[in-house]
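Data first, discussion second: the structure below is written as C-alpha cells.
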Amino acid sequence: MARTAEMKLLELMVLKNDISSVIEYIGKKENFQFQTKLKDSASGDAANEESLNIDSQFYESLSKAYTELGYEGGLQGIKDCSAPKDEDRKKAADLIAAFSDLKTKISEATDEAHKVNDAYKEAMAFSNLKVSYSELEHLSFLSLRIGRIPENQYEDLKDRLEGSAVVIKLGNDSSHVLVASSKKGRFALDAELKNHNFVELEVPSDFKGVPESALKGLEEKKAEADKVLEELITEKNNFAETHRAQLEHLLGCFTIAVQIEAITARLESTELVYRITGWIPAAETENYMKGLDELTEGRIAIRAYEPFEVPSVMSGKEQVPVKLQHGKFVKSFERMIFSYGSPIYGAIDPTPFVAVFFTILFGIMFGDCGQGLVFLIAGILMALNVIKVGGWNKFAPIFMAIGISSSIMGLLTGEFFGTENVLEPFAEWVTGLFGTPHAPILKLMPSADPKSIYVMFGVFGVAVAIGFVINTCGLLLNIINNISRKRFAEAFLGKNGLAGAVFFWYVIALVLRIVLAKHAIAAYDIIIIIVSLFFAAFAEPFERAANHEKPLFENGFGTYIISGAVELIEVVSGYLSNTVSFVRVGAFALSHAVLNFTILTLTEMVGGQGTIGGIIVLIAGNALIIVLEGMIVAIQVIRLQYYEFFSKFFHETGREFKPFKFEI
C-alpha cells in the first residue's frame, strides 16, 4: 500500500550575492517548504531594507498604474517572469514617468474643464437678468437671495417654500436659483436655505446680466476644454492598450522581487552568508541539489538529512511535512483528506481508498444513467476548461467518476432522467443472456410484486456489506500504521486496534452463520467475543505496561473499572452504529428512485412527455434532482467517510506539505 512521500531536509549555505537567485529558484520550483517560521523582518540588514524599499516602490507604483488603467482580470501568472534586473528597473521607471506625466495632463485638463464649465453655468444662470440687481434689492416689499444649491435639492426647497417664497431657476439647470420672499419672512427663508446648503453669490449692484459675446466666448472655451480632456482620455486608453503586456511583465517581475526580499530579510545570516533549511520530497533531492549547484556555479554548500537525523523531529518538536503523490483522478480527492486533517508522515495514504469509496457510494445513492451523464459531461468540459466554475475545475475528475458510477447504477435500475422505457432494450438484452429477458435489471421501486421486497432488502444488505468493507479498511490502516511506527499497544489493543477488529469481524461472521447456515452459538463463540471485548474496552493497564508507563492504573483501579464499563458500551454501540449507518446508502438509493418516479408522475399529469408542459416539468424536475439531491448525496458520502472510515485511524494529524511559491 502506498505511503506518504518520503521527505528530506536540505540545509543550504548561500553567499550574499547568490541569495536572490537561489530564493527565485526555490519559489519557481514550488517544492521546498521552509523548515521553521522565519525570523522577524525587522532584523534584516540595511542593504536588504534599501533594496526592498526600491523594488517595493516600483511594485506599488506599477500596481497603482495597473489599477488606474482599468485592466480587468488581474495578472494571469508570473511563471514567465524573473526577478528584475537594472534594465527592468529602467523600463519600469520610464513607464511610470510616462504614465505619471499623462495623469498630470489629465488632472490639469479635468480641473480646467471643471472651471470653465462652472463659469459657463454661472454665466448662463445670470444671462436673463436684465434689470440691475440693486434695483431689485431695494424693493421695499421683497427680500431676494441669489446663489447655488445642490441640484438634487431644488424640488424639495421649492416644496418647502411654497406659499411663503418664490424659487426661480437661473439658467438651464437647478443649481443656481433666485429666491424671493417678503421682507417679513426673510429670517424663515434664510433658515430654510441654510438647511438646503445654499451658498449665496455676491452680485455687483450694477450687474445687468451677461453680454452675448461673453457667453459665446465661454461656450467656445468650454468646448475647447472638453475636447482637450476627451483627447487625453483617448490617449490614456491607447496607452493602456499598447503598454499592457510590458506593464504586466514588469509587475510580475517586481512581484517576485518583493517576495524575494521579504524572505531574504527574515533568514538567518552573517555578513556574507545566508542559511536556509527546508523540506523537499526525497525523490526530487538529487535534481534539486544539482540545479542549485549549477545556478550558483558551485558557490553553495548543501547537505541533505533524513527525517530521523533531524533532532527537532526525533524529539517530537517538529513534524515532517506530508506530501501525497497521485495521478489526476486520485489527486482530485486530496482536499477531502486535508480538510479533515493531514495523515502522519510515513503512514499509509488513505486517498485512494477515499476515491474508490466515494465513487461507489455516490453511484449507488444517485443511480440514474441520464443524470450521471450530465455529471460526466460537466466533468469533461471542466477538465478541458470549456466551462470554468471558480476553483472547482480541479475537481473535474471527481465529476467524471461519479458520472460514470451513477450511469452504471442507472443502467442496472433502468433509470434515464426518471424514465424507464429508454433503457428497456438494453436491460432485456442483458437479462436475456442469463435467462428470461426482463426490464429493468434491478427494480428499486417498491411494488405489489413480492420480489420487490427481496430486492429492497438486497440493496440494504449490499449497503451494509460496503460499510463492513469500509470499516475493515479503516481498522487495518490503523493497525498497520501503528505497527510501522512501533506503537504496538495501539496496534493490538483498544477499540480500533486488533482486539476491537476481532470483535467486529467475529460478530459479523457469527450473525452470518446464524442467518445463513442456521448455526447455534457455541461456547467458543462467547469466549472469543468476551476476550476480544475485554482487550478492546479494558486495555488501559496493558497499553501502559507495553509502553513502560507506571502506574498501570493511572487514576486508580475503581476509575479503571468505571471507564472500562463505559468504553465497553461505546465499543458495542459504536460498531453497531458504524455498520447500521450504511443503511442510509440503500435508503438514498430508494429515495432517488422515488424522486424520479414523482417527477415522471407530475410530467404525466400535465400532459406527458410529448407536450410542452410535460417537457418543462421533466427538465425542471431533473435539474432540481441533479443540483439539490446531488449536493445532499455528496454531503452524506463525505459524512460516511469522515465518521465511519477516518475515525478508525485518524487519531492524530500530521503537517501538510505547503511549499514556498510566488503569489500573484
Side-chain angles (χ1 to χ4, degrees), residues 7-60 62-63 77-93 249-281 284-305 310 312 318 321 657-664:
M7 306 295 289
K8 284 192 176 182
L9 181 75
L10 287 188
E11 181 183 49
L12 314 177
M13 304 301 290
V14 187
L15 293 177
K16 183 176 181 179
N17 292 338
D18 296 323
I19 190 63
S20 292
S21 58
V22 168
I23 294 178
E24 182 178 354
Y25 179 89
I26 290 172
K28 287 192 170 182
K29 285 293 185 180
E30 299 184 0
N31 59 356
F32 183 95
Q33 178 175 322
F34 290 101
Q35 182 187 17
T36 55
K37 185 179 180 182
L38 300 172
K39 66 180 182 179
D40 187 20
S41 59
S43 59
D45 58 40
N48 281 337
E49 292 296 327
E50 182 181 353
S51 176
L52 174 60
N53 289 335
I54 292 172
D55 286 341
S56 289
Q57 290 170 13
F58 275 120
Y59 172 75
E60 289 172 6
L62 290 169
S63 297
I78 55 176
K79 290 188 178 294
D80 297 329
C81 300
S82 300
K85 301 178 176 61
D86 290 338
E87 180 184 354
D88 295 314
R89 293 185 177 91
K90 184 179 183 305
K91 289 180 180 178
H249 177 75
L250 289 171
L251 188 55
C253 291
F254 284 96
T255 297
I256 290 174
V258 169
Q259 293 178 67
I260 287 175
E261 293 300 339
I263 292 293
T264 302
R266 300 167 64 192
L267 290 173
E268 295 180 58
S269 64
T270 63
E271 187 176 351
L272 299 175
V273 179
Y274 286 87
R275 178 177 179 266
I276 303 174
T277 57
W279 294 98
I280 184 173
E284 302 173 29
T285 303
E286 187 175 344
N287 289 335
Y288 203 84
M289 294 168 65
K290 183 179 179 182
L292 284 170
D293 191 62
E294 292 175 353
L295 176 69
T296 59
E297 298 179 346
R299 298 185 303 273
I300 188 171
I302 308 175
R303 183 174 178 182
Y305 296 89
V310 181
S312 58
E318 180 183 7
F657 179 63
K658 295 182 178 179
F660 169 70
K661 60 181 178 180
F662 295 118
E663 302 291 343
I664 298 177

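One is the number of the first residue; the rest follow in order along the sequence. In this text, all values refer to a predicted model and were calculated from it rather than measured experimentally.
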Original post:
Which heavy atom of Ala92 sits nearest a heavy atom of Leu62, and at what distance?
Top reply: CB-CD1, 4.3 Å
Subject >> Option passing side chain to side chain contact (heavy atoms under 4.5 Å, CB included) with Met13 (candidates Ile300, Val273, Thr270, Ile276) >> reply: Val273
Original post:
Which atom names give the shortest non-hydrogen contact between Ala304 and Thr285, and what distance separates them?
Top reply: CB-CG2, 4.3 Å
Original post:
Is there side-chain contact between Ile26 and Leu12, with at least one heavy-atom pair below 4.5 Å?
Top reply: yes
Original post:
Going through the distances and angles, do Tyr274 and Ile23 end up as a side chain to side chain contact (heavy atoms under 4.5 Å, CB included)?
Top reply: CA-CA 11 Å; Tyr274 286 87; Ile23 294 178; over 6 Å; no
**OP:** Identify the two heavy atoms, one from Lys661 and one from Gln259, that lie closest to each other, and give their separation to 0.1 Å.
**Re:** O-OE1, 4.1 Å
Subject >> Atom of Leu251, atom of Ser63 and distance for their closest heavy-atom approach >> reply: CD1-OG, 3.4 Å
Original post:
Which heavy atom of Pro281 sits nearest a heavy atom of Asn31, and at what distance?
Top reply: CD-O, 3.5 Å
Original post:
Roughly how far, to the nearest 0.5 Å, is the CG atom of Leu267 from the CZ atom of Phe34?
Top reply: 6.0 Å
**OP:** Please report the closest heavy-atom contact between Phe32 and Thr277, naming both atoms and the distance.
**Re:** CZ-C, 3.7 Å
**OP:** Compute whether any side-chain donor of one residue and acceptor of the other, for Ser82 and Lys28, lie under 3.5 angstrom apart.
**Re:** yes
**OP:** Answer yes when Lys91 and Asp88 have at least one side-chain N-carboxylate O distance shorter than 4.0 Å, and no when they do not.
**Re:** no
**OP:** State whether a side-chain donor-acceptor pair under 3.5 Å links Glu11 with Gln35.
**Re:** no
Subject >> CG on Leu272 to NZ on Lys16, rounded to 0.5 Å >> reply: 7.5 Å
Original post:
Would Tyr288 and Ile302 satisfy side chain to side chain contact (heavy atoms under 4.5 Å, CB included), going step by step from the backbone distance to the final call?
Top reply: CA-CA 10 Å; Tyr288 203 84; Ile302 308 175; over 6 Å; no
Subject >> Derivation and outcome, side chain to side chain contact (heavy atoms under 4.5 Å, CB included), residues Arg89 and Phe254 >> reply: CA-CA 9 Å; Arg89 293 185 177 91; Phe254 284 96; 3.8 Å; yes
Original post:
To the nearest 0.5 Å, how far apart are CD in Glu24 and CZ in Phe662?
Top reply: 6.0 Å
**OP:** Please indicate whether Arg303 has more than 12 foreign heavy atoms, meaning atoms of other residues, nucleotides or ligands, lying under 6.0 Å from its CZ.
**Re:** no
Original post:
How many angstroms lie between CD1 in Ile19 and OG in Ser21, if you round to the nearest 0.5 Å?
Top reply: 8.0 Å
